[in-house]
Amino acid sequence: MKPLREKLSSLVAEAFRTAGLDPSLGEVVVSARPDLGQFQCNGPLPAAKAAKANPRQIAQAVVDRLAHDDVFRYVSVAGPGFINLSLTDEFLATHAREMRSDQNLGCAPVASPQRIVLDYGGPNIAKPMHVGHLRAAIIGESLKRLARYLGHDVVGDVHLGDWGLQMGMVIAELARRRPDLPYFEATRSGPYPSASPVSASELEEIYPTASQRAKADPGFAEAARQATFELQQGRPGYRALWRHLVDVSVAELKADYDRLEVGFDLWLGESDAQPWIPPLIERLRAGGHARESEGALVVDVAEAGDAKELPPLLLLKSDGAALYGTTDLATLDHRVRDLGAQRVLYVVDKRQADHFTQVFRAARRTGIAPPAVGLEHIGFGTMNGSDGRPFKTREGGVMKLRDLLDLVTAKARERIREAGVARDYPPDEVERIAQLVGIATLKYADLSNHRAKDYIFDLERFSSFEGRTGPYLLYAAVRTRSILRKAAEAGLVPGTLAPAADDVERGVLLTLARYPDSLHAAFENRAPNILCDYAYELATAFTRFYQEHHILSQTDPARRASWLGLCDLTVRVLLQVLELLGIRVPERM
RNA sequence: GCGCCCGUAGCUCAGCUGGAUAGAGUGACGGACUACGAAUCCGUAGGUCGCAGGUUCGAAUCCUGCCGGGCGCGCCA
C-alpha cells in the first residue's frame with residue numbers, strides 16, 4: 001500500500017499537471033499550521049517563480065482542479081500561495097484500516113534492496129568496553145534493524161580491534177611480569193598450554209597499565225613495537241598467547257553486547273584481514289597505485305579541489321608493518337569481493353573522518369571499491385562529561401559499559417519499588433523488567449541525540465524515567481496492551497476503525513499515517529533520532545487519546561470496538577518502532 | 001597555521017535538501033486520580049535561533065565575514 005502522503009501527493013501532482021504545471025511540485029507535506037489544515041503543498045510558490053505568475057492564482061488554479069470530495073474535506077489557498085488540505089474522516093479511517101490489515105503496517109519495503117555491510121563495533125581486545133563504545137553499538141544496531149526492516153540484506157560485522165600495537169603492548173607487559181611463561185621462549189614453537197594465562201579481569205587492567213608505561217618508558221614502548229612486529233611475523237609463542245587474549249576478551253565482549261541486546265552476524269576482526277594484506281599490497285604495487293615515500297609505502301589520495309592537503313594513506317610503515325588503513329582496505333576488499341557488499345556503512349566516531357576519506361579514496365583509485373559500491377562513514381559525536389570535557393568517572397577513570405548498565409538497572413529497580421506497581425510480581429520478573437527499563441532508558445537517551453553531534457553524557461539524564469524517555473514509551477505501550485488485555489478478559493475484541501469523532505482521535509490517525517515517512521527519513525539520513533521523535537509523538541498522541549476517552553466504558557459497541565482497533569494498531573506500530581530502536585517492551589511493568 | 005564540526009528557552013536537546021506564528025523534555029507556576037496503570041494528562045510563563053552582512057517573494061535552515069567552543073592534521077587505532 002502507498003503511504004498517505006504519497007496518495008495525497010499524487011492527487012495534487014495530477015492537479016498540477018492538468019493545470020499545465022510541473023507535477024513534481026505537487027508534493028504534499030504535513031502542515032506546519034494544524035489550525036489551517038492537516039497537510040500543505042508549497043508547490044505554487046516555485047511554480048509561480050518559474051512561470052513569472054501570481055502564486056495565489058496558481059494555487060487557486062490547482063485547487064480548482066482538485067475535486068476529490070471523497071478525499072478532501074477542506075482545501076484552501078492561504079498566505080502567499082500555500083494550499084492547505086484536510087481530509088475527510090472517512091478517507092483517513094480507510095487508510096488506517098488498510099494499515100491495520102497490511103503486514104508491514106503500511107511501510108512497504110524499498111524498491112531496490114541492497115546488500116549492506118554495516119561495521120558498528122570496533123571494540124578492542126584487551127580493553128574493557130566503556131561508555132565510548134555505547135554509541136557505535138546502539139546507533140549501528142538501530143540502523144541494522146531499520147535497513148533490514150526496509151528490505152535490505154544486511155550483514156553486521158563487529159570488526160574487532162584485535163591487531164596492532166595494543167596487542168604488542170599487552171604481550172610486552174606480560175613478558176615483563178611473567179617472563180617465565182612458555183610463550184616467551186624464543187626458540188620454542190609449541191605446544192602451549194590450552195588454558196589462558198590471564199583472566200578477564202587481569203586483561204582489563206593490563207592494557208591501561210602497559211599504555212601508561214609506554215608513555216613513560218621509551219624502552220618499553222620499543223619492546224611493545226617489537227612484540228607487535230613479531231606477532232605480525234607469526235612468532236609461535238606470541239600467536240598462541242594472542243589467541244588466548246582474543247578468546248578471553250571476546251567472551252567478555254559478547255556478554256556485554258548481549259546485555260545491551262546488540263548482535264552481530266560476523267565476529268571478524270582486524271586480524272582476519274592480515275592474510276589478505278600481502279597479496280593486496282602486491283596487487284597495488286603491480287597496478288602502480290602504491291609508491292615509496294619517506295621509507296613507507298603509500299597510496300596518494302589528494303585531489304585537486306581539496307580544501308586542505310590530505311596526506312597519503314600509509315600501507316606499510318618504514319619497518320614494514322601494516323597499519324590501520326591497510327587493514328581497512330583489505331577488509332573492504334573482502335567485503336566487496338567475498339561478501340558482495342553493494343554498500344558499506346562504518347558507524348565510527350566522527351573524529352576519524354579524515355581516515356575514512358583516505359581509505360575510501362584509496363579504495364576508489366585502486367579499484368577495490370568499484371563506483372557502484374557505496375561507502376559511507378556514519379560519524380557520531382564525542383561523548384563528554386557535564387564539564388564539556390571527555391567523560392570520566394568521579395575517580396577520573398573511564399566508566400565501563402558494564403558499570404553503566406548496572407547503575408541504570410539499579411535506578412530502574414528503585415523506581416519500580418517506589419511506584420509500587422510491581423509489588424505482587426515474582427522477583428525474577430521484576431528483575432527482567434528492571435533490565436528492560438534500564439536498556440530502554442540508556443538507548444533512548446543516546447539515540448534521541450542527533451548522531452553527529454557531541455553530547456553531554458549526563459547520568460541524571462541517562463537514568464531519568466519521566467518525560468521524553470525510554471521508560472515513557474515502555475509505559476505507553478504497556479498500558480495500551482493492558483487495555484487490550486482487559487478488553488479480551490471482558491470478551492471484547494478490536495473492530496473496524498470508524499471515522500474519527502474529534503481532533504484528539506484524528507491526531508492519532510494522522511500520526512499513525514506518518515509511520516512509513518519516519519522510517520524512510522530515518523534510514524535515508526542514517527538518523528535514528530527521527531525514529532525517537534516519531535515514537536514519542538505517537539505515544540503522546542495516543543496517551544492523550546485514552547486519557548480523554550475511556551475506552552472500556554464506552555457504551556456504543558461499534559465505537560468501543562473501533563477504539564480497541566485503534567489501540568491495536570497503535571501498539572503494533574509503537575512496538576515496531578521501538579524494536580527498530582533496539583528497545584524491547586515487557587508484557588507489564 | 002590549515003581543515004572539519006558545533007553555537008536555538010534557565011538547563012538538555014529537536015527542527016537545517018529554504019516556506020506561514022521556531023518545537024519538545026526538564027525546571028518554575030496552576031489544574032486533573034470514586035472508571036481501562038498519575039513512570040500519566042491539561043494549562044501558563046519562558047526565544048535578538050552567537051553577531052554582522054548577503055541571496056530570496058520568503059532564511060534557524062543557503063553564501064560571506066567575525067566572535068565563541070570542540071575536534072583533526074604521515075609511520076597509534
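This structure is a prediction, so every number in the text was calculated from the model and none was measured. Numbers restart at 1 for each chain; the letters A, B, ... are given by sequence-line order, proteins then strands.
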For nucleotides 5-11 of chain B, give me one character per nucleotide, 5' to 3': B if any protein heavy atom sits under 4.0 Å from the base, S if the only such contacts are to the sugar-phosphate, - if neither. SSS----
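B:U48 and B:G10: their P atoms are spaced 8 Å apart (whole Å). Nucleotides B:C49 and B:A22 place their C1' atoms 7 Å apart, quoted to the nearest Å. Nucleotides B:G30 and B:A45, compared at atom C1', are 11 Å apart to the nearest Å. Here, B:G18 and B:A59 have their C1' atoms 6 Å apart, quoted to the whole Å. With both ends at atom P, the span from B:C13 to B:C71 equals 16 Å, rounded to whole Å. Taking atom C1' in both B:U17 and B:U61, one finds a spacing of 10 Å when rounded to whole Å.
Remark on RNA chain B: of its neighbouring residues A:Leu36 and A:Ser553, the 5'-side contact belongs to A:Leu36, judged by nearest-heavy-atom nucleotide.
A donor N or O paired with an acceptor N or O is found under 3.5 Å between the base of B:G74 and the side-chain atoms of A:Ser293. Side-chain atoms of A:Asp328 stay outside donor-acceptor range of the base of B:A77, with no qualifying N/O pair under 3.5 Å.
Relative to the ring axis of A:Tyr536, A:Arg468 places its NZ or CZ within 45° and under 6.0 Å from the centre. A cation-pi contact, defined as under 6.0 Å to the ring centre and within 45° of the axis, links A:Arg588 to A:Tyr425. Both the sub-6.0 Å distance and the 45° axial angle are not jointly satisfied by A:Arg225 relative to the ring of A:Phe229.
Side-chain N/O atoms of A:His355 and A:Asp328 include a donor and acceptor closer than 3.5 Å. A donor-acceptor pair shorter than 3.5 Å can be found between the side chains of A:Asp162 and A:Ser271. A side-chain donor from one of A:His549 and A:Asp502 sits under 3.5 Å from a side-chain acceptor of the other.
Between A:Asp354 atom CG and B:A77 atom C1' the separation is 15 Å, expressed in whole Å.
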Secondary structure string for RNA chain B (Watson-Crick or G-U under 3.5 angstrom, | for other-strand pairs): (((((((..((((.....[...)))).(((((.......))))).....(((((..]....))))))))))))....
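For A:Tyr475, a side-chain nitrogen or oxygen approaches OP1 or OP2 of B:A39 to under 4.0 Å. At B:G37, one or more side-chain N or O atoms of A:Lys486 fall inside 4.0 Å of OP1 or OP2 (strictly under the cut-off). For the OP1/OP2 pair of B:A38 and a distance below 4.0 Å, the side-chain nitrogens and oxygens of A:Arg479 include at least one atom meeting the criterion. At the phosphate of B:G15, OP1 or OP2 sits under 4.0 Å from a side-chain N or O atom of A:Asn529. Under 4.0 angstrom from either OP1 or OP2 of B:C41 there lies no side-chain N or O belonging to A:Thr543. Remark: A:Lys317 is in phosphate contact with B:C76, judged by side-chain N or O atoms under 4.0 Å from OP1 or OP2.
Minimum atom distance to the side chain of A:Leu165 is reached by B:C76, of the listed B:C76, B:C36, B:G72.
By the 4.5 Å heavy-atom criterion applied to side chains, A:Thr331 and A:Asp119 are not counted as neighbours.
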